Amino acid sequence: MARHLITSALPYINGIKHLGNMVGSMLPADVYSRYLRQRGHDVLYICATDEHGTPAELAAKERGLPVDEFCAQAHDAQKAVYDGFALAFDYFGRSSSAENRDITQHFARKLNENGFIEERAIRQVYSPADGRFLPDRYVEGTCPHCGYDKARGDQCENCTRVLDPTDLIEPRSAISGSTDLEVRETKHLFLLQSKLQHEVEEWVARHEQDWPQLASSIARKWLTEGLHDRAITRDLDWGVPVPADTWPELAAEGKVFYVWFDAPIEYIGATKEWADQDPENRDWKSWWYEADDTVRYTQFMAKDNVPFHTVMFPATELGVREPWKKVDYVKAFNWLTYYGGKFSTSQKRGVFTDQALDILPADYWRYFLIANAPESDDSSFTWEHFTATVNKDLADTLGNFVNRVLSFSRKRFGDEVPAGGEPGEAETRLGEEIATLLAEYETHMDTLQFRKAASALRALWSAGNSYLEEKAPWLEIKTDKDAAALTLRTAMNLIHLYAVVSEPFIPASAAAMRAAFTLPSDTATWTTPEEAKSLTSIPVGTPFTVPPVLFAKLTDEDLEAYKDRFGGQPA
């Protein structure tokens, strides 16, 4: 089996993330990782908090904490939420780790040795009102390309163009709002991306035909516009320091690397953090160094992160002139909107992940978000859509099926799987249908088509309901007890199948379904379509229990309460 390295875009340290962040990177990466593990692959799923940069410094100052202490607390708070969503990271690290510092400095030295870093004197925005140079993202203004009036000095989140602060129209300090800005001279290191343009183009050309159109089109747009040399250092107190053995003057001035230089390197750094916890049994380099033929690397991210992962970080890796693993497949997502408007961490608009878990268990959110993942276009979260999906798919189609089958069988046949008669034509048809749908589900999961995979999973659940309605064991029991027992036994085997194949989407509910059956040994990690045809994985006589209600239906009162708390359509 192949070895699969999976990373999702690093969530920034400053604040709990909203549902759009969850569905745009971490959750689909978790679903895919779980699926691959169940299919027998060797999987390493790595993520981390992205902790450097001015926003962390400012948030720490606002909280009255040293920045390192603030980041440690924020990391733990974010990790608790991700645990609540049952994200099964192999390791969730921190970009402020010593491992990331060492590897980032190594990359910088190698880039410098190979002629891809240059020290330049530049003129940078300085705010007398704030008494400091302003990093790119803390200069705001109007984008010169699309007219968006809240563009940052590093990138316009509206049109995704990469910017410099001096590009902005009517710039202002994002800290104080002051428009009294000066431009002063300071020295910084530049990554000479222009010298790597052709190498990056050749690398992208070898991979883009396999990527989703969203990822390849954004990468191609950047390359068509031409790669520009980019400053990779900042005047900050918090970050990976410029190594004094290579740039003593800049190190003495306290320069640190730009967060977008060290953050992607943290994928490697976090893998080393993972390995350093058990160095005798974990080899981090085997996943990253000279691993092109042994590892398939898949990255998950929203579209605003695509340029950095398809162009900037590959350019960095190419310029190092060492055989570091580069991404094979970039799974990019559009935006999840809130009633058509943007989720916004800074403006606190939309549902945040900690709030979501306060309302309902994680499986409700996991299923809804993946079933409506913004793959081909933006998708909109509304409370009406959410409650309708929960009620129809989870409560009625799956949860009600499980409860009906187990409750009725227990009432009529006791708490063991009944024997009944031999399978007939209806069971044969059902087995063929299940095999076909399961094969579709596998195909969509293998190709990372999550909405289609959710649709196939929903169809698998629906097939059980159709079978139950066709056979009507509540009527069969009146005239043919063995026939009713066969129907219920077959339906129980469907429940076990659902438990196995639904686990990537709804792990807690899948575990509850599996635990309903007291099997002496239940080691099944997956059921193939051919195996599923027979629907005989649960032996006759197996004790079972009726689990608590898997999914509670949401009422009109629930809907109104959610809208009152979070608001409906934005003004």
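In this text the structure is predicted, and so the values were computed from the model without any measurement.
Within the 4.5 Å cutoff, no side-chain heavy atoms of R514 are placed close to those of E503. At least one side-chain heavy atom of L457 sits under 4.5 Å from a side-chain heavy atom of V501. At a threshold of 4.5 Å between non-hydrogen side-chain atoms, the residues V402 and M513 count as touching. Here the side chains of R451 and S379 are in contact, with some heavy-atom distance below 4.5 Å. Side-chain atoms of L486 and E422, non-hydrogen and from C-beta on, never get closer than 4.5 Å to each other. You'll find the side chain of W287 reaches within 4.5 Å of the side chain of W274, heavy atoms only. You'll find the side chain of T443 stays beyond 4.5 Å of the side chain of Q449, heavy atoms only. Within the 4.5 Å cutoff, no side-chain heavy atoms of L44 are placed close to those of W284.
Across all their heavy atoms, A484 and P473 have their closest contact at CB-O, 3.9 Å. When all heavy atoms are compared, the tightest approach of D210 to Y329 is O-CE1, 2.8 Å. Of all heavy-atom pairs between F333 and A373, the closest is CE2-CB, 4.0 Å. Considering all non-hydrogen atoms of both residues, G93 and E273 come closest at CA-OE1, 3.4 Å. Residues M492 and S409 share a closest heavy-atom pair of CE-OG, 2.9 Å. Nearest heavy-atom pair across T518 and T542 is O-CG2, 3.7 Å.
When the shell of 6.0 Å around NZ of K326 is examined, it contains more than 12 heavy atoms from other residues, nucleotides or ligands. More than 12 heavy atoms of other residues, nucleotides or ligands shown are found within 6.0 angstrom of CD on Q209. Residue-environment remark: NZ (K392) stays at or below the threshold of 12 foreign heavy atoms within 6.0 Å. The environment of K303 atom NZ is dense: over 12 non-hydrogen atoms of other residues, nucleotides or ligands sit within 6.0 angstrom. Counting non-hydrogen atoms of neighbouring residues, nucleotides and ligands closer than 6.0 angstrom, the CD atom of Q73 exceeds 12 such neighbours.
No side-chain donor-acceptor contact under 3.5 Å links Y32 to the backbone of F300. Judged purely by atom type and a 3.5 angstrom limit, R366 uses its side chain to pair as donor or acceptor with the backbone of P504. No donor-acceptor pair closer than 3.5 Å links the side chain of K285 to the backbone N or O of D283. In terms of modelled atom types and a separation under 3.5 Å, the side chain of S217 and the main chain of L214 share a donor-acceptor contact. Checked by atom type and distance alone, the side chain of S25 never pairs as donor or acceptor with a backbone atom of M301 at under 3.5 Å. Checking side-chain atoms of S534 against main-chain N and O of E531 turns up a donor-acceptor pair under 3.5 Å. Panel note: side chain D378, backbone W335; a donor-acceptor pair is recorded below 3.5 Å. At distances below 3.5 Å, at least one donor-acceptor pair connects side-chain atoms of H18 with backbone N or O atoms of G20. Side-chain N or O atoms of Q38 include none that pairs as donor or acceptor with a backbone N or O of Y35 at under 3.5 Å. Between the side chain of D328 and the backbone N or O of T298, no donor-acceptor pair lies under 3.5 Å.
Rounding to the nearest 0.5 angstrom, the gap separating the OG atom in S8 from the CE atom in M22 is 9.5 Å. Atom-to-atom distance recorded for E476:CD and T479:OG1 is 7.0 Å, nearest 0.5 angstrom. Taking CG of L5 as the start and CD1 of I268 as the end, the distance is 9.5 Å to the nearest 0.5 Å. Between the CG atom of L430 and the OG1 atom of T487 there is a distance of 10.0 Å, given to the nearest 0.5 Å. For the atom pair CZ (F89) and CD1 (I6), the distance works out to 11.5 Å, reported to the nearest 0.5 Å. One distance of note links OG1 of T527 with CG of L497; it measures 5.5 Å at 0.5 Å rounding.
Note that K17 lies outside the cation-pi zone of F85, set by a 6.0 Å cut-off to the ring centre and a 45° limit from the axis.
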Report task. Evaluate side-chain contact (heavy atoms from CB on, under 4.5 Å) for H496 paired with D522, printing each intermediate quantity in order. Result -> CA-CA 10 Å; H496 187 264; D522 189 5; 3.0 Å; yes

Query raised in the report: Is there a side-chain contact (heavy atoms from CB on, under 4.5 Å) between L494 and L535 once you walk through the steps?
Result: CA-CA 7 Å; L494 276 178; L535 295 171; 3.8 Å; yes

Query raised in the report: Do T271 and Y91 pass the side-chain contact (heavy atoms from CB on, under 4.5 Å) test, and can you show the C-alpha distance, the side-chain angles, and the key distance before you say yes or no?
Result: CA-CA 7 Å; T271 308; Y91 190 76; over 6 Å; no

Query - Stepwise side chain to side chain donor-acceptor pair (under 3.5 Å) check, R3 with S286 - result: CA-CA 10 Å; R3 302 171 75 214; S286 70; 3.1 Å; yes

Report task. Please report the C-alpha distance between R37 and H4 in whole Å, then the side-chain angles of each, then the deciding distance to 0.1 Å, and finally whether the side-chain contact (heavy atoms from CB on, under 4.5 Å) criterion is met. Result -> CA-CA 9 Å; R37 291 190 192 105; H4 286 266; over 6 Å; no

Query raised in the report: Please walk me through it: do F368 and H385 pass ring pair (Phe, Tyr, Trp, His ring centres under 6.0 Å)?
Result: CA-CA 9 Å; F368 174 83; H385 188 199; 5.2 Å; yes

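Using modelled atom types, one finds no donor on one side chain facing an acceptor on the other under 3.5 Å when comparing D304 with T160. Using modelled atom types, one finds a donor on one side chain and an acceptor on the other under 3.5 Å when comparing T555 with D558. In this model, no donor atom of one side chain and acceptor atom of the other lie less than 3.5 Å apart for Q78 and Y12. Side-chain atoms of S509 and D363 include a donor-acceptor pair closer than 3.5 Å. Side-chain N/O atoms of T528 and E530 include no donor and acceptor closer than 3.5 Å.
Put simply, the residue from M445, R458, R34 that forms a side chain to side chain contact (heavy atoms under 4.5 Å, CB included) with F505 is M445. The ring pair (Phe, Tyr, Trp, His ring centres under 6.0 Å) with W461 is formed by just one residue from the set Y441, Y367, Y467; it is Y367. Partner W383 forms a side chain to side chain donor-acceptor pair (under 3.5 Å) with one of Y562, Y339, Y338 and no other, that one being Y338. Only one option out of Y45, Y297, Y267 pairs with T7 in a side chain to side chain donor-acceptor pair (under 3.5 Å); it is Y297.
Ion pairing between a basic and an acidic side chain is recognised when a charged N comes within 4.0 Å of a carboxylate O; K471 and E427 show such pairing. With respect to R39 and E442, a salt bridge is recorded, a charged nitrogen being found less than 4.0 Å from a carboxylate O. Contact check on R429 versus E470 returns a salt bridge, with a Lys/Arg side-chain nitrogen under 4.0 Å from an Asp/Glu carboxylate oxygen. A salt bridge is defined here as a Lys NZ or Arg NE, NH1 or NH2 lying under 4.0 Å from an Asp or Glu carboxylate O, and E375 with K331 meets this definition.
For the salt bridge (charged side-chain N to carboxylate O under 4.0 Å, His left out) test, no residue two or more places apart in sequence or in another chain qualifies with E416.
With ring centers used as reference points, H75 lies under 6.0 Å from F92.
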